[in-house]
Amino acid sequence: MTQHDKLEDTGSRSSNFDLIRVVACLAVILLHVSARSVYAYMAGEISHRYWFEAIVANSATRWSVPVFVMLSGAILLSKGVTWKEACSRRVPRMLIVLFTSLIVYGLWRAFVVGDFAWGQYLLDTVNGAPYFHLYFLFVMIGLYAIAPIVSSIVRSLNPRTLAQATLAYCVITCIVLTSGTATLSYTRNAVTFAWDYVGYFVLGFLMLRFAKHQLWRLFVLGYLMTAIWVEVCALLRGASWNWTLYAWTYFSPMTYITAIGIFGFLLSVNVPTATAWYLEKLAPSTLLVYLLHPMVLETVRKAYGFAGTPIANPSVEIVLTFMLTTGFSFLAALLLRSLPPVRRIF
(Lines give C-alpha, C1' and ligand atoms only; values in the text may rest on other atoms or scores of the structure.)
Protein backbone atom coordinates (compact mmCIF):
# COMPACT_ATOMS: atom_id res chain seq x y z
CA MET A 1 0.00 0.00 0.00
CA THR A 2 1.42 3.40 -0.96
CA GLN A 3 1.54 6.37 1.38
CA HIS A 4 -1.17 7.95 -0.78
CA ASP A 5 -3.45 4.94 -0.39
CA LYS A 6 -2.74 4.75 3.32
CA LEU A 7 -3.72 8.37 3.87
CA GLU A 8 -6.87 8.06 1.80
CA ASP A 9 -7.92 4.86 3.60
CA THR A 10 -7.48 6.28 7.07
CA GLY A 11 -9.10 9.58 6.07
CA SER A 12 -9.33 12.49 8.46
CA ARG A 13 -8.22 10.34 11.40
CA SER A 14 -4.80 9.82 9.89
CA SER A 15 -2.06 10.63 12.37
CA ASN A 16 -0.37 12.70 9.69
CA PHE A 17 -3.49 14.80 9.25
CA ASP A 18 -3.72 15.26 13.02
CA LEU A 19 -0.06 16.27 13.10
CA ILE A 20 -0.66 18.88 10.40
CA ARG A 21 -3.68 20.28 12.24
CA VAL A 22 -1.84 20.69 15.52
CA VAL A 23 1.42 22.05 14.06
CA ALA A 24 -0.44 24.52 11.83
CA CYS A 25 -2.53 25.66 14.79
CA LEU A 26 0.62 26.29 16.84
CA ALA A 27 2.08 28.22 13.91
CA VAL A 28 -0.99 30.47 13.72
CA ILE A 29 -0.67 31.31 17.41
CA LEU A 30 3.05 32.08 17.05
CA LEU A 31 2.30 34.22 14.00
CA HIS A 32 -0.13 36.41 15.94
CA VAL A 33 2.06 36.53 19.05
CA SER A 34 5.18 37.62 17.16
CA ALA A 35 3.26 40.12 15.01
CA ARG A 36 3.17 42.52 17.95
CA SER A 37 6.93 43.02 17.84
CA VAL A 38 6.72 43.70 14.11
CA TYR A 39 4.26 46.54 14.59
CA ALA A 40 6.10 47.78 17.67
CA TYR A 41 9.25 48.19 15.56
CA MET A 42 7.29 50.07 12.92
CA ALA A 43 6.07 52.41 15.66
CA GLY A 44 9.62 52.96 16.92
CA GLU A 45 9.01 51.21 20.24
CA ILE A 46 11.70 48.52 20.02
CA SER A 47 15.20 48.15 18.60
CA HIS A 48 16.28 46.43 15.39
CA ARG A 49 17.53 43.45 17.39
CA TYR A 50 14.04 42.62 18.57
CA TRP A 51 12.63 43.29 15.11
CA PHE A 52 15.03 40.70 13.74
CA GLU A 53 13.95 38.16 16.35
CA ALA A 54 10.33 38.81 15.37
CA ILE A 55 11.24 38.21 11.72
CA VAL A 56 12.87 34.90 12.61
CA ALA A 57 9.71 33.75 14.43
CA ASN A 58 7.12 35.22 12.08
CA SER A 59 8.76 34.03 8.87
CA ALA A 60 8.52 30.45 10.13
CA THR A 61 4.73 30.63 10.43
CA ARG A 62 3.34 32.18 7.25
CA TRP A 63 2.49 28.79 5.77
CA SER A 64 -0.02 28.00 8.52
CA VAL A 65 -3.31 29.16 6.99
CA PRO A 66 -2.45 27.87 3.48
CA VAL A 67 -1.62 24.49 5.01
CA PHE A 68 -5.00 24.37 6.77
CA VAL A 69 -6.58 24.92 3.35
CA MET A 70 -4.34 22.27 1.78
CA LEU A 71 -5.35 19.81 4.47
CA SER A 72 -9.03 20.41 3.74
CA GLY A 73 -8.36 19.82 0.04
CA ALA A 74 -6.44 16.63 0.76
CA ILE A 75 -9.27 15.21 2.86
CA LEU A 76 -12.27 16.36 0.85
CA LEU A 77 -11.06 16.05 -2.72
CA SER A 78 -9.47 12.63 -2.20
CA LYS A 79 -12.80 11.06 -1.26
CA GLY A 80 -15.06 13.30 -3.32
CA VAL A 81 -17.70 15.78 -2.18
CA THR A 82 -21.32 15.61 -3.30
CA TRP A 83 -23.69 18.56 -3.49
CA LYS A 84 -25.83 16.91 -0.82
CA GLU A 85 -22.90 16.68 1.58
CA ALA A 86 -21.77 20.24 0.90
CA CYS A 87 -25.22 21.82 1.17
CA SER A 88 -26.66 19.76 4.01
CA ARG A 89 -23.64 19.37 6.27
CA ARG A 90 -20.41 21.20 5.55
CA VAL A 91 -21.61 24.66 4.53
CA PRO A 92 -24.40 24.86 7.17
CA ARG A 93 -21.98 23.80 9.89
CA MET A 94 -19.49 26.49 8.94
CA LEU A 95 -22.26 29.08 8.74
CA ILE A 96 -23.21 28.23 12.33
CA VAL A 97 -19.55 28.57 13.32
CA LEU A 98 -19.39 31.93 11.53
CA PHE A 99 -22.56 33.35 13.09
CA THR A 100 -21.52 32.18 16.55
CA SER A 101 -18.10 33.78 16.08
CA LEU A 102 -19.68 37.03 14.86
CA ILE A 103 -21.77 37.26 18.02
CA VAL A 104 -18.88 36.39 20.34
CA TYR A 105 -16.43 38.81 18.73
CA GLY A 106 -19.05 41.52 18.42
CA LEU A 107 -19.51 41.33 22.19
CA TRP A 108 -15.73 41.16 22.64
CA ARG A 109 -15.21 44.29 20.57
CA ALA A 110 -18.04 46.09 22.35
CA PHE A 111 -17.16 45.32 25.95
CA VAL A 112 -13.44 44.50 25.98
CA VAL A 113 -11.75 46.14 23.00
CA GLY A 114 -14.08 49.13 23.09
CA ASP A 115 -14.14 50.02 19.39
CA PHE A 116 -17.57 48.58 18.55
CA ALA A 117 -20.16 50.24 16.36
CA TRP A 118 -22.85 48.24 14.58
CA GLY A 119 -22.41 50.00 11.27
CA GLN A 120 -18.66 49.48 11.19
CA TYR A 121 -18.98 45.89 12.40
CA LEU A 122 -21.42 45.03 9.64
CA LEU A 123 -19.14 46.68 7.08
CA ASP A 124 -16.17 44.75 8.43
CA THR A 125 -18.21 41.54 8.14
CA VAL A 126 -19.11 42.25 4.52
CA ASN A 127 -15.41 42.86 3.88
CA GLY A 128 -14.65 39.49 5.47
CA ALA A 129 -12.78 40.84 8.50
CA PRO A 130 -15.06 41.30 11.53
CA TYR A 131 -11.97 40.33 13.54
CA PHE A 132 -8.52 39.89 12.11
CA HIS A 133 -8.59 36.06 11.98
CA LEU A 134 -12.23 35.39 11.07
CA TYR A 135 -11.63 35.81 7.34
CA PHE A 136 -10.63 32.13 7.43
CA LEU A 137 -14.27 31.15 7.99
CA PHE A 138 -15.31 32.98 4.83
CA VAL A 139 -12.54 31.18 2.97
CA MET A 140 -13.71 27.77 4.14
CA ILE A 141 -17.40 28.44 3.50
CA GLY A 142 -16.55 29.47 -0.05
CA LEU A 143 -14.34 26.43 -0.63
CA TYR A 144 -16.95 24.05 0.81
CA ALA A 145 -19.57 25.61 -1.46
CA ILE A 146 -17.54 24.95 -4.62
CA ALA A 147 -15.96 21.69 -3.40
CA PRO A 148 -18.33 19.43 -5.43
CA ILE A 149 -17.32 21.20 -8.66
CA VAL A 150 -13.62 21.18 -7.79
CA SER A 151 -13.83 17.53 -6.69
CA SER A 152 -15.42 16.50 -9.96
CA ILE A 153 -12.77 18.33 -11.99
CA VAL A 154 -9.70 17.07 -10.12
CA ARG A 155 -10.88 13.48 -10.17
CA SER A 156 -11.52 13.59 -13.91
CA LEU A 157 -8.05 14.85 -14.86
CA ASN A 158 -4.89 12.80 -15.04
CA PRO A 159 -2.25 13.77 -12.46
CA ARG A 160 0.01 15.55 -14.94
CA THR A 161 -2.75 17.71 -16.42
CA LEU A 162 -4.06 18.49 -12.94
CA ALA A 163 -0.59 19.49 -11.75
CA GLN A 164 -0.14 21.79 -14.74
CA ALA A 165 -3.57 23.39 -14.24
CA THR A 166 -2.92 23.89 -10.53
CA LEU A 167 0.47 25.43 -11.20
CA ALA A 168 -1.11 27.82 -13.69
CA TYR A 169 -3.83 28.79 -11.19
CA CYS A 170 -1.28 29.43 -8.43
CA VAL A 171 0.95 31.48 -10.74
CA ILE A 172 -1.97 33.61 -11.90
CA THR A 173 -3.09 34.14 -8.31
CA CYS A 174 0.44 35.11 -7.32
CA ILE A 175 0.71 37.60 -10.20
CA VAL A 176 -2.67 39.19 -9.48
CA LEU A 177 -1.99 39.64 -5.78
CA THR A 178 1.58 40.77 -6.39
CA SER A 179 0.24 43.48 -8.70
CA GLY A 180 -2.07 44.44 -5.85
CA THR A 181 0.97 44.95 -3.63
CA ALA A 182 2.55 47.15 -6.30
CA THR A 183 -0.54 49.30 -6.82
CA LEU A 184 -2.04 49.03 -3.32
CA SER A 185 -5.36 48.48 -5.06
CA TYR A 186 -6.39 44.82 -4.65
CA THR A 187 -9.13 44.25 -2.10
CA ARG A 188 -11.15 41.20 -1.10
CA ASN A 189 -14.51 40.77 0.56
CA ALA A 190 -16.46 38.00 2.24
CA VAL A 191 -17.60 36.57 -1.10
CA THR A 192 -14.29 36.64 -2.99
CA PHE A 193 -11.87 35.42 -0.31
CA ALA A 194 -12.17 31.76 -1.27
CA TRP A 195 -11.14 32.15 -4.92
CA ASP A 196 -7.57 33.04 -4.01
CA TYR A 197 -7.21 29.80 -2.04
CA VAL A 198 -8.47 27.34 -4.67
CA GLY A 199 -4.87 26.69 -5.75
CA TYR A 200 -3.89 25.69 -2.21
CA PHE A 201 -7.08 23.60 -1.93
CA VAL A 202 -6.11 21.51 -4.96
CA LEU A 203 -2.43 21.45 -3.98
CA GLY A 204 -3.43 19.55 -0.85
CA PHE A 205 -4.99 16.83 -3.00
CA LEU A 206 -1.93 16.69 -5.26
CA MET A 207 0.47 16.46 -2.35
CA LEU A 208 -1.10 13.16 -1.29
CA ARG A 209 0.66 11.69 -4.32
CA PHE A 210 3.90 13.62 -4.17
CA ALA A 211 4.58 13.97 -0.45
CA LYS A 212 8.20 13.15 0.41
CA HIS A 213 10.21 13.37 3.60
CA GLN A 214 12.93 15.30 1.76
CA LEU A 215 10.56 18.23 1.18
CA TRP A 216 11.70 19.68 4.49
CA ARG A 217 14.54 21.17 2.44
CA LEU A 218 12.02 23.11 0.39
CA PHE A 219 10.52 24.48 3.60
CA VAL A 220 13.94 25.62 4.82
CA LEU A 221 14.64 27.29 1.48
CA GLY A 222 11.31 29.14 1.54
CA TYR A 223 11.81 30.14 5.17
CA LEU A 224 15.26 31.59 4.51
CA MET A 225 14.02 33.41 1.40
CA THR A 226 11.16 34.90 3.43
CA ALA A 227 13.28 36.09 6.36
CA ILE A 228 16.02 37.51 4.12
CA TRP A 229 13.49 39.33 1.92
CA VAL A 230 11.83 41.04 4.89
CA GLU A 231 15.12 42.00 6.54
CA VAL A 232 16.77 43.32 3.37
CA CYS A 233 13.73 45.36 2.36
CA ALA A 234 13.47 46.81 5.86
CA LEU A 235 17.13 47.82 5.80
CA LEU A 236 16.86 49.35 2.32
CA ARG A 237 13.49 51.09 2.45
CA GLY A 238 12.12 50.71 5.98
CA ALA A 239 9.70 48.33 7.65
CA SER A 240 6.65 50.30 6.51
CA TRP A 241 7.47 50.03 2.80
CA ASN A 242 4.66 48.12 1.08
CA TRP A 243 7.11 45.54 -0.35
CA THR A 244 8.82 44.78 2.97
CA LEU A 245 6.15 42.41 4.24
CA TYR A 246 5.27 41.07 0.77
CA ALA A 247 7.03 37.77 1.47
CA TRP A 248 4.65 37.25 4.39
CA THR A 249 1.54 37.38 2.22
CA TYR A 250 -0.07 34.01 1.67
CA PHE A 251 0.34 34.16 -2.10
CA SER A 252 3.96 35.19 -2.44
CA PRO A 253 6.31 32.67 -4.07
CA MET A 254 8.05 32.25 -0.73
CA THR A 255 4.86 31.21 1.05
CA TYR A 256 3.92 28.76 -1.68
CA ILE A 257 7.37 27.17 -1.31
CA THR A 258 7.24 26.92 2.48
CA ALA A 259 3.66 25.62 2.47
CA ILE A 260 4.41 22.88 -0.06
CA GLY A 261 7.59 21.94 1.78
CA ILE A 262 6.12 21.67 5.27
CA PHE A 263 2.90 20.00 4.08
CA GLY A 264 4.76 17.37 2.09
CA PHE A 265 7.15 16.71 4.96
CA LEU A 266 4.42 16.38 7.60
CA LEU A 267 2.41 14.09 5.33
CA SER A 268 5.33 11.73 4.89
CA VAL A 269 6.81 11.66 8.40
CA ASN A 270 6.23 8.54 10.51
CA VAL A 271 4.28 9.50 13.61
CA PRO A 272 5.14 7.41 16.71
CA THR A 273 2.20 5.63 18.29
CA ALA A 274 2.50 7.51 21.58
CA THR A 275 2.57 10.85 19.76
CA ALA A 276 -0.37 9.83 17.59
CA TRP A 277 -2.47 9.28 20.72
CA TYR A 278 -1.91 12.84 21.92
CA LEU A 279 -2.46 14.27 18.46
CA GLU A 280 -5.76 12.42 18.17
CA LYS A 281 -6.92 14.07 21.41
CA LEU A 282 -5.78 17.59 20.44
CA ALA A 283 -6.50 17.75 16.71
CA PRO A 284 -10.33 17.94 16.92
CA SER A 285 -10.00 21.07 19.08
CA THR A 286 -7.86 23.04 16.62
CA LEU A 287 -10.74 24.92 14.96
CA LEU A 288 -11.98 26.10 18.33
CA VAL A 289 -8.43 26.98 19.38
CA TYR A 290 -8.07 29.03 16.19
CA LEU A 291 -11.27 30.91 16.99
CA LEU A 292 -10.53 31.46 20.68
CA HIS A 293 -6.83 32.26 20.72
CA PRO A 294 -7.04 36.02 19.93
CA MET A 295 -9.19 36.57 23.02
CA VAL A 296 -6.82 34.46 25.10
CA LEU A 297 -3.82 36.29 23.66
CA GLU A 298 -5.24 39.73 24.45
CA THR A 299 -6.27 38.61 27.93
CA VAL A 300 -2.81 37.22 28.67
CA ARG A 301 -1.13 40.44 27.60
CA LYS A 302 -3.46 42.52 29.71
CA ALA A 303 -2.82 40.22 32.66
CA TYR A 304 0.88 41.00 32.81
CA GLY A 305 0.61 44.62 31.88
CA PHE A 306 1.94 44.72 28.29
CA ALA A 307 -1.25 45.84 26.56
CA GLY A 308 -0.99 49.37 25.17
CA THR A 309 2.56 49.96 26.43
CA PRO A 310 6.04 49.65 24.88
CA ILE A 311 7.28 46.07 25.00
CA ALA A 312 9.88 45.66 27.73
CA ASN A 313 11.61 42.55 26.42
CA PRO A 314 10.13 41.18 23.19
CA SER A 315 12.28 38.03 23.30
CA VAL A 316 10.80 36.96 26.62
CA GLU A 317 7.37 38.31 25.69
CA ILE A 318 7.08 36.22 22.53
CA VAL A 319 8.07 32.96 24.23
CA LEU A 320 6.01 33.55 27.38
CA THR A 321 2.93 34.76 25.55
CA PHE A 322 3.08 31.91 23.05
CA MET A 323 3.25 29.29 25.80
CA LEU A 324 0.45 30.85 27.86
CA THR A 325 -1.80 31.52 24.89
CA THR A 326 -1.32 28.00 23.56
CA GLY A 327 -1.93 26.34 26.91
CA PHE A 328 -5.02 28.33 27.86
CA SER A 329 -6.49 28.17 24.34
CA PHE A 330 -6.27 24.40 24.16
CA LEU A 331 -7.54 24.07 27.73
CA ALA A 332 -10.54 26.28 26.98
CA ALA A 333 -11.24 24.43 23.72
CA LEU A 334 -11.05 21.00 25.36
CA LEU A 335 -13.37 22.09 28.15
CA LEU A 336 -15.88 23.61 25.74
CA ARG A 337 -15.81 20.52 23.52
CA SER A 338 -16.72 18.38 26.51
CA LEU A 339 -20.21 19.85 26.00
CA PRO A 340 -22.09 17.81 23.36
CA PRO A 341 -23.69 20.83 21.56
CA VAL A 342 -20.29 22.47 21.17
CA ARG A 343 -18.61 19.23 20.08
CA ARG A 344 -21.21 18.68 17.33
CA ILE A 345 -20.48 22.06 15.74
CA PHE A 346 -16.85 22.76 16.58
**Student:** With sequence neighbours excluded, what pairs up with E231 under the salt bridge (charged side-chain N to carboxylate O under 4.0 Å, His left out) test?
**Tutor:** none
**Student:** Measure the acute angle between the ring planes of Y135 and F193, then classify it against the limits of 30° and 60° as parallel, tilted or perpendicular.
**Tutor:**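 Answer is tilted, since the angle falls between 30° and 60°.
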**Student:** Contact between W63 and I257 at the side-chain level, heavy atoms closer than 4.5 Å - yes or no?
**Tutor:**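 Result no, sub-4.5 Å side-chain heavy-atom pair not found.
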**Student:** Which heavy atom of W108 sits nearest a heavy atom of E298, and at what distance?
**Tutor:** NE1-OE1, 2.8 Å
**Student:** If you take all heavy atoms of A163 and L206, which pair is closest and at what distance?
**Tutor:**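 Looking at all heavy atoms of both residues, the closest pair is CA-CD1, 3.9 Å.
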**Student:** Angle class for the Y41/H48 ring planes (parallel below 30°, perpendicular above 60°, tilted otherwise)?
**Tutor:**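 Because their plane-to-plane angle is over 60°, the rings of Y41 and H48 count as perpendicular.
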**Student:** Could you walk me through whether D18 and K281 pass the salt bridge (Lys or Arg N to Asp or Glu O under 4.0 Å) test, one step at a time?
**Tutor:** CA-CA 9 Å; D18 288 342; K281 302 301 180 184; over 6 Å; no
**Student:** Quick one, V65 and Y200 - any side-chain contact, counting heavy atoms below 4.5 Å?
**Tutor:** no
**Student:** What I want to check is whether the side chains of T255 and S252 have a donor and an acceptor closer together than 3.5 Å.
**Tutor:** yes
**Student:** Do the rings of H32 and F132 sit parallel, tilted or perpendicular, given the 30° and 60° boundaries?
**Tutor:** perpendicular
**Student:** Testing T321, N58, T61 for side-chain hydrogen bond (donor to acceptor under 3.5 Å, both in side chains) with S34, which one passes?
**Tutor:** N58
**Student:** Could you check, using the six-membered ring where one of them is a Trp, whether F330 and H293 have ring centers closer than 6.0 angstrom?
**Tutor:** no
**Student:** A side-chain contact here means heavy atoms from C-beta on lying under 4.5 Å apart; do V97 and L291 qualify?
**Tutor:**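 Of all side-chain heavy-atom pairs linking L291 with V97, at least one is under 4.5 Å.
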**Student:** Would Y256 and Y250 count as a close aromatic pair, with their ring centres under 6.0 Å?
**Tutor:**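 No, ring centres 6.0 Å or more apart.
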**Student:** Check step by step if side-chain contact (heavy atoms from CB on, under 4.5 Å) holds for L137 and L134.
**Tutor:** CA-CA 6 Å; L137 298 181; L134 293 183; 4.1 Å; yes
**Student:** Do the non-hydrogen side-chain atoms of V91 and C87 ever get within less than 4.5 Å of each other?
**Tutor:**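 Contact flag for V91/C87 side chains = no.
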**Student:** State, with a plain yes or no, whether a side-chain heavy atom of S15 is found less than 4.5 Å away from one of E280.
**Tutor:**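 Result no, sub-4.5 Å side-chain heavy-atom pair not found.
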**Student:** Is it true that, when you exclude Y169 itself, more than 12 heavy atoms of the residues, nucleotides or ligands shown sit nearer than 6.0 Å to its OH?
**Tutor:** yes
**Student:** Using the benzene-type ring in the case of Trp, are the ring centres of Y246 and W243 under 6.0 Å apart?
**Tutor:** yes
**Student:** Take E53 and R49 through the test salt bridge (Lys or Arg N to Asp or Glu O under 4.0 Å) and record every step on the way to the result.
**Tutor:** CA-CA 6 Å; E53 292 175 357; R49 170 197 164 186; 3.4 Å; yes
**Student:** Please work out which of the three classes, parallel, tilted or perpendicular, describes the rings of Y223 and F219, given edges at 30° and 60°.
**Tutor:**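 If you compare the ring of F219 with that of Y223, the planes turn out parallel.
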**Student:** Do F263 and L267 have side chains that get closer than 4.5 Å, going by heavy atoms?
**Tutor:**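 They are in contact (side-chain heavy atoms under 4.5 Å apart), so the answer is yes.
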